[in-house]
Amino acid sequence: MVKISPSILTADFCEIGNTIRMLNHSGADWIHLDIMDNVFVPNMSFGQSTVRDIRKITKLPLDVHLMVYDPTPYVTRFAEAGADYLTVHVESPGCTHLQRVLRSIRDAGMKAGVSLNPATPHQALEYIYEDADLILIMSVNPGFGGQKFLPQSLRKIEVIANRAVQLGVAPEIQVDGGVNLENFRSIVAAGATVLVAGHAVVDATDPAGVIRMMRGEA
């Protein structure tokens, strides 16, 4: 069954505690936390202190997505803050030695994820499949919530999911960006196993109902 990892990027941060408590009872599988440094992407969000505070009020796995210039100095900090998954970008200048970064994430006790921006070809993953617990396919250009899904992402999802099967590995195939009730079926059909849904879940009048629908339970 597909997992749902609601992103809090579009949430009202004056009410973030209430948002997390709502997600605790919504049926969400994980909580997706976008960390942006206003260098690698044109926006700034929050850091490990916020993740630490969120950890105090939820038992759900914290799915932390680092959109930063150099993730290396932050690996231990986010492990200590309570992250369960830590995802870095192929394109980050600090990920020149990507296997080393992913190994450091696992050594810190977290699951290691690797992400591709929309224009980055799937071939960038060819020698990294065995080192990743999660592959995050960005279906919008990162930096801001509420963007529209880029339909060409479906081809990339399918190719990456099929290549993982060919290699005999089974990372989670996560998709982030513009996921909603109109397109989630095609995303899952292409091979996604985890859907990151921000606006579609967090801003819905019935978040639990949206999650049930995305899981095929309603």
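Model, not experiment: these values are computed from the prediction.
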(message) Connecting only ILVMFWY residues whose side-chain heavy atoms lie within less than 4.5 Å of each other, what is the rest of Phe40's hydrophobic cluster?
(response) Leu9, Met36, Val41, Met67
(message) Would the distance check show the side chain of Arg55 and the main-chain N or O of Ala81 forming a donor-acceptor pair, the cut-off being under 3.5 Å?
(response) no
(request) Return yes if some donor-acceptor pair links the side-chain N/O of Ser139 with the main-chain N/O of Gly177 below 3.5 Å, else return no. (result) yes
(request) State, with a plain yes or no, whether a side-chain heavy atom of Leu33 is found less than 4.5 Å away from one of Phe46. (result) yes
(request) Would you check if the side chain of Thr19 reaches a backbone N or O of Glu15 as a donor-acceptor pair within less than 3.5 Å? (result) yes
(request) Give the minimum heavy-atom separation between Pro71 and Leu66, together with the two atoms involved. (result) CB-CD1, 3.7 Å
(request) Identify the two heavy atoms, one from Leu102 and one from Gly113, that lie closest to each other, and give their separation to 0.1 Å. (result) CD2-O, 3.5 Å
(message) When you measure from the side chain of Gln152 to the backbone of Pro118, do you find a donor-acceptor pair of N or O atoms at a distance under 3.5 Å?
(response) no
(message) Can you see whether Asp34 engages Ser45 through a side-chain donor-acceptor pair at a distance of less than 3.5 angstrom?
(response) no
(message) Between Asp133 and Ala112 (side chain of the first, backbone of the second, donor and acceptor by atom type, cut-off under 3.5 Å), is there such a pair?
(response) yes
(request) Take atom NZ of Lys111 as the centre, draw a 6.0 Å sphere, and report whether it contains more than 12 heavy atoms from other residues, nucleotides or ligands. (result) no
(request) Among Ser5, Pro207, Ser7, find the residue that satisfies the side chain to side chain contact (heavy atoms under 4.5 Å, CB included) test when tested with Val201. (result) Pro207
(request) For residues His122 and Ile160, report the shortest heavy-atom separation together with the two atoms involved. (result) CB-CG1, 3.8 Å
(message) One thing to verify: whether Asp63 and Lys3 come together as a salt bridge, which I'm taking to mean a side-chain N less than 4.0 angstrom from a carboxylate O.
(response) no
(request) Quick one: closest heavy-atom pair of Ala108 and Val75, and the distance? (result) CB-CG1, 4.1 Å
(message) Which Ile, Leu, Val, Met, Phe, Trp or Tyr residues join Val194 in one cluster when any pair of side-chain heavy atoms under 4.5 Å counts as a link?
(response) Trp30, Tyr85, Leu134, Leu136, Met138, Val140
(request) Could you tell me whether a side-chain N or O of Glu91 sits under 3.5 Å from a main-chain N or O of Asn117, the two making a donor and an acceptor? (result) yes
(message) Between Arg163 and Glu126, does any NZ, NE, NH1 or NH2 come within less than 4.0 Å of an OD or OE carboxylate oxygen?
(response) yes
(message) Please check this pair: side chain of Thr193 against backbone of Val2, looking for a donor-acceptor N/O pair closer than 3.5 Å.
(response) no
(message) So does Asn183 get a backbone contact from the side chain of Asn180, meaning a donor-acceptor N/O pair under 3.5 Å?
(response) yes
(message) I'd like to know whether OH of Tyr69 has more than 12 heavy-atom contacts from other residues, nucleotides or ligands below 6.0 angstrom.
(response) no
(message) For Asp84 versus Leu60, what's the shortest heavy-atom pair and its separation?
(response) OD2-O, 4.1 Å
(message) Taking CZ in Phe149 as the centre, count heavy atoms belonging to other residues, nucleotides or ligands within less than 6.0 Å. Is the count above 12?
(response) yes
(message) If we ignore hydrogens and angles and just use 3.5 Å, is the side chain of Asp70 paired with the main-chain N or O of Pro93 as donor and acceptor?
(response) no
(request) For Ala28 and Ile211, work out which heavy atoms get closest and say how close. (result) N-CD1, 3.8 Å
